[in-house]
Amino acid sequence: MGFAQLYYTSCERGLGGHAGYQFNAATPGVDARVLREVERFTAYEPPRSVPVEEVSAHPVSLSYAPDLAGARVVSRVVSNGPDPSGRPGNYFAHSLVWPGAGDTDAAVLPAELWGAGFWTQVPSPGPELPLLRSPSAPLDRVRTGLWQGSCGVRASEVARLLGAVDAAVDGGNPVLVVADSASVAHWVALVSHLLPPARARAVGFTTYCGRPGETFAHVVGVPPGTDTEGLRARFVVFRPPQHGWAGDGPRLPEITGAHRGLAHALVAAGPEQAPELWRRLARYGSGRERSLADWWPVLVASSVVEGPGRVTPEQWETARRWWAGASWLPRRTLAGALSRFLDGYGPDLPSGALEDLWTLAHRAGSASLAERLESEAALRSLRSVAAGEEVPEAVPLRSVRAREAARERIGTLLEGRAPGLHPDRVLALLAWARAARCGVPERSLERYGASAVAGLIQGLPEGAVPDPSVARLVRARAGVRRGLAGALSELPRERLARIAAGPVGVWTARDRDPAGVVLRELYRVSSPHPDPAGLVRELMDARRRARPYSPAGLPEHDLDTELLGRVLGPAGAPGPAEQTLVRLWRSDLLAPGVAGWIGDALTSVPWPERLRAWHRLAAALSGHWLRPSLPLEAVRVLEGWEGARPALRALARAPDGEFAQEGPWRVLRECSERAHPAVREVVRRRAAETLSARRDPDTLAGALGWCPAAVLDAYADRVGRALVGDGPDPALAASVFAAARSHAWPRDTGPRGAGDPGAGQTGAGGPGAAWSTVSEPGHAAGGAALVSRGSVPGAAADRAARLTDEVLSPVLSTWGRRRTNAVRRLLPAALAAEFDVWLRGVRGPGPLRRWWEGWDR
């Protein structure tokens with residue numbers, strides 16, 4: 001391994017494949033991103049005070065970037081006269097890409113490469129450059145130490161320069177050194193030799209920059225005579241003496257912070273002795289130290305153990321804090337430091353020192369002292385936390401005595417009466433207890449939730465949002481949720497429902513504690529659910545599991561009408577009733593009104609959309625164990641349906657000849673006319689479904705003549721719905737029209753019930769009339785048409801005319817020619833001609849005939 005090399009200049013031939021500024025040559029394998037950044041990083045502009053032709057007077061720029069697209073790069077840039085085309089101002093940049101940290105060459109500091117013999121400014125004839133191995137570093141510590149003694153700058157000013165460069169690496173203002181580039185290189189080398197090697201490699205610098213305001217290096221060199229007034233806002237300006245000139249006095253700021261002592265100690269040690277100081281400190285360091293401020297506590301703490309000398313109280317405090325956190329050091333060293341600390345402080349230990357000292361005592365192996373310090377520190381910290389004061393971060397308590405004392409104190413604080421602790425203070429206590437690993441009494445948390453938190457929730461105005469700290473506390477601890485839910489469950493039901501529908505319900509929704517079963521139930525029923533009946537079963541199970549614990553507010557039954565009403569709505573919907581019914585167990589505790597709620601869904605006359613659900617509910621109740629508990633009206637509905645269902649089944653299975661006769665319809669009428677209205681409605685619509693399945697015109701005509709008027713109404717409604725919409729059925733329209741013109745309509749044989757042809761044995765007030773829910777107006781035109789074809793007059797004619805005038809006429813008058821032609825093609829020839837005449841009568845004359853009749857008049 002070694003340094004990858006890069007040549008950049010204006011040349012006729014290079015890696016870019018064109019003439020002009022480009023990389024002349026490079027070591028293979030360098031990342032393209034690094035190449036782009038080096039091109040920008042090495043831009044060179046000679047001073048304005050020196051003519052561009054005087055190349056020898058232009059300063060040399062040695063620049064170093066600690067992070068250039070992820071790589072460390074050092075570059076030497078020199079003015080190179082005219083380019084191959086004769087234009088002046090060309091420059092040559094020779095750059096080295098730093099090897100990895102594991103390579104031996106990585107020990108070289110960038111500033112030490114000033115004046116090295118390997119630098120070149122002559123383009124390479126070929127495109128590839130070899131790795132540079134073991135480069136010479138002439139500006140070593142010996143030369144830097146000699147130069148420091150002859151530079152003529154006071155040691156205090158050098159310490160300030162060291163502090164300014166260290167601050168610049170951490171984001172402070174960069175340092176602007178007003179001197180020639182060689183002097184700048186020596187100043188950078190001096191600072192690098194005083195800093196730790198890792199820190200020195202983090203210092204980016206350039207010994208010369210034509211535009212300092214546009215650079216981002218930590219140390220920037222500019223030639224003497226540069227006007228720096230406009231740069232003082234951004235830079236820390238340093239003007240060292242040069243060539244016998246004493247400069248214009250110290251202008252570097254004093255180091256703010258106790259680490260200025262470390263800076264002065266390093267300057268006093270010098271470049272040759274500084275490595276020894278850093279080796280001593282490295283024995284105590286954690287490996288995470290970077291800046292001088294990070295290393296200052298290490299220096300103070302190591303001095304307490306190793307060196308004689310007076311230590312100020314401030315340094316004692318610094319050392320005490322550092323030793324308490326130095327978990328990486330041996331126990332023997334810690335024990336000696338603890339002894340010195342205790343001897344220095346005596347019995348009057350500051351409260352802030354207790355936690356650090358008992359941690360140190362634990363690591364030192366002093367059990368008795370650690371236990372005493374630990375208990376006292378824990379109690380002091382808890383008092384501070386409860387009072388809202390700033391408290392050092394807690395560490396795990398190790399002794400049983402300290403944990404029990406802290407746990408007892410936390411319980412006392414939580415259960416304290418008015419004014420009590422605010423939730424944000426309780427959160428701080430819980431965080432402290434979690435860090436200290438002492439635990440919190442769950443009973444105390446329950447009492448705090450039942451008193452303080454429940455009081456805060458109940459005191460909120462309608463619609464107000466609780467404090468965020470309340471939400472965090474309730475979410476954080478199950479004990480608080482348990483106490484809160486138990487206290488709120490004693491509220492009136494409606495008020496608790498309003499609270500559960502808000503944030504409180506969200507906080508406790510995922511809990512499984514029996515105390516919150518009522519609160520969770522009210523929250524669940526306030527939110528939409530994809531399976532309401534499944535939610536009822538889930539809430540029933542929750543009540544069952546919570547019943548042995550007797551939580552406050554728990555209903556007496558697993559299922560009651562209140563729960564059914566909140567989840568499934570009022571009674572009357574057979575679908576939810578059936579879905580609930582099939583989920584019930586014999587062991588469920590059902591309130592007396594549950595059977596009535598389910599029975600109401602059965603006794604209510606079903607809508608057409610609920611007909612299938614009503615069938616499922618009736619089937620589920622037929623042999624269900626809940627049937628004996630149903631109201632009498634619901635039992636009557638079941639019995640009526642069980643009586644009508646065989647007649648419906650026989651009607652559906654009847655052959656066409658029997659289907660068109662009076663027999664099956666009389667049976668259906670007799671078993672349904674005394675039934676409950678809900679049964680009659682179901683029978684009516686089921687019979688209409690059976691009718692709609694028959695397409696033979698004669699069979700359909702006979703059945704429509706014998707069926708009850710209510711069934712005819714349902715059939716007419718069903719056909720009307722089927723013939724409207726996007727995809728009507730022309731075959732159905734043809735079947736209905738053919739049935740209306742059929743000769744198979746039953747003839748009058750005597751007095752009839754209202755609209756019931758063929759019921760010769762029944763008078764006007766007979767059973768047929770009782771089941772007729774809609775009166776049938778006469779249709780003179782339709783009747784006349786039937787009579788003209790030799791059909792049966794009377795009620796049958798009225799029914800036939802109704803099919804054409806009330807069902808087909810409103811729909812087919814809106815159909816287009818394509819659909820009506822489809823109906824015509826499905827009819828026999830004679831009937832098709834009659835259909836055309838009828839359709840013209842429905843639609844009226846066409847536009848040509850209307851025009852002709854108007855013209856003729």
Side-chain angles (χ1 to χ4, degrees), residues 647-648 650-673 683-684 686-719 734-808 828 831 834:
L648 280 171
L651 183 67
R653 296 175 179 175
D656 288 348
E658 183 181 346
F659 187 79
Q661 300 301 317
E662 178 186 8
W665 294 103
R666 184 177 64 250
V667 173
L668 182 67
R669 181 186 296 107
E670 290 173 352
C671 68
S672 303
E673 60 191 3
V683 170
R684 184 174 79 96
R686 287 293 299 274
E689 289 182 15
T690 304
L691 276 170
S692 64
R694 303 297 176 114
R695 294 297 177 92
D696 178 67
D698 294 339
T699 301
L700 186 58
L704 289 173
W706 291 114
C707 73
V711 175
L712 179 65
D713 293 339
Y715 177 75
D717 180 68
R718 186 179 184 87
V719 171
S735 174
V736 173
F737 184 82
R741 294 298 193 266
S742 173
H743 295 274
W745 287 86
R747 298 179 177 275
D748 292 338
T749 57
R752 323 181 179 285
D756 289 338
Q761 70 279 15
T762 16
W771 198 22
S772 177
T773 59
V774 180
S775 63
E776 299 184 26
H779 299 276
L786 288 171
V787 171
S788 66
R789 295 185 65 247
S791 294
V792 180
D798 291 343
R799 292 189 174 201
R802 182 180 180 188
L803 292 179
T804 57
D805 294 353
E806 292 187 8
V807 179
L808 296 180
L831 197 56
E834 188 175 343

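Only this structure's heavy atoms are used, side chains among them; waters, hydrogens and symmetry mates stay out.
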Taking every non-hydrogen atom, the tightest pair across [X] and [Y]:
X: G657; Y: Q661; result: O-CG, 3.1 Å
X: L704; Y: C707; result: O-SG, 3.4 Å
X: A739; Y: A701; result: O-CB, 3.5 Å
X: A796; Y: P746; result: CB-O, 3.5 Å
X: S742; Y: A744; result: OG-N, 3.0 Å

Once rounded to the nearest 0.5 Å, what's the spacing between atom [atom1] of [X] and atom [atom2] of [Y]?
X: W745; Y: D698; atom1: CH2; atom2: CG; answer: 11.5 Å
X: E658; Y: L651; atom1: CD; atom2: CG; answer: 9.0 Å
X: L648; Y: C671; atom1: CG; atom2: SG; answer: 7.0 Å

4.5 Å side-chain heavy-atom contact, [X] and [Y]:
X: L691; Y: R718; answer: no
X: P708; Y: W665; answer: yes
X: R684; Y: D713; answer: yes
X: L668; Y: W706; answer: no
X: L803; Y: Y715; answer: yes

Note to self: Can you see whether R694 engages T699 through a side-chain donor-acceptor pair at a distance of less than 3.5 angstrom?
What the structure shows: no

Next item on the list: Taking only Lys NZ, Arg NE, NH1 and NH2, and the carboxylate oxygens of Asp or Glu, determine whether R669 and E673 approach each other closer than 4.0 Å.
Entry: no

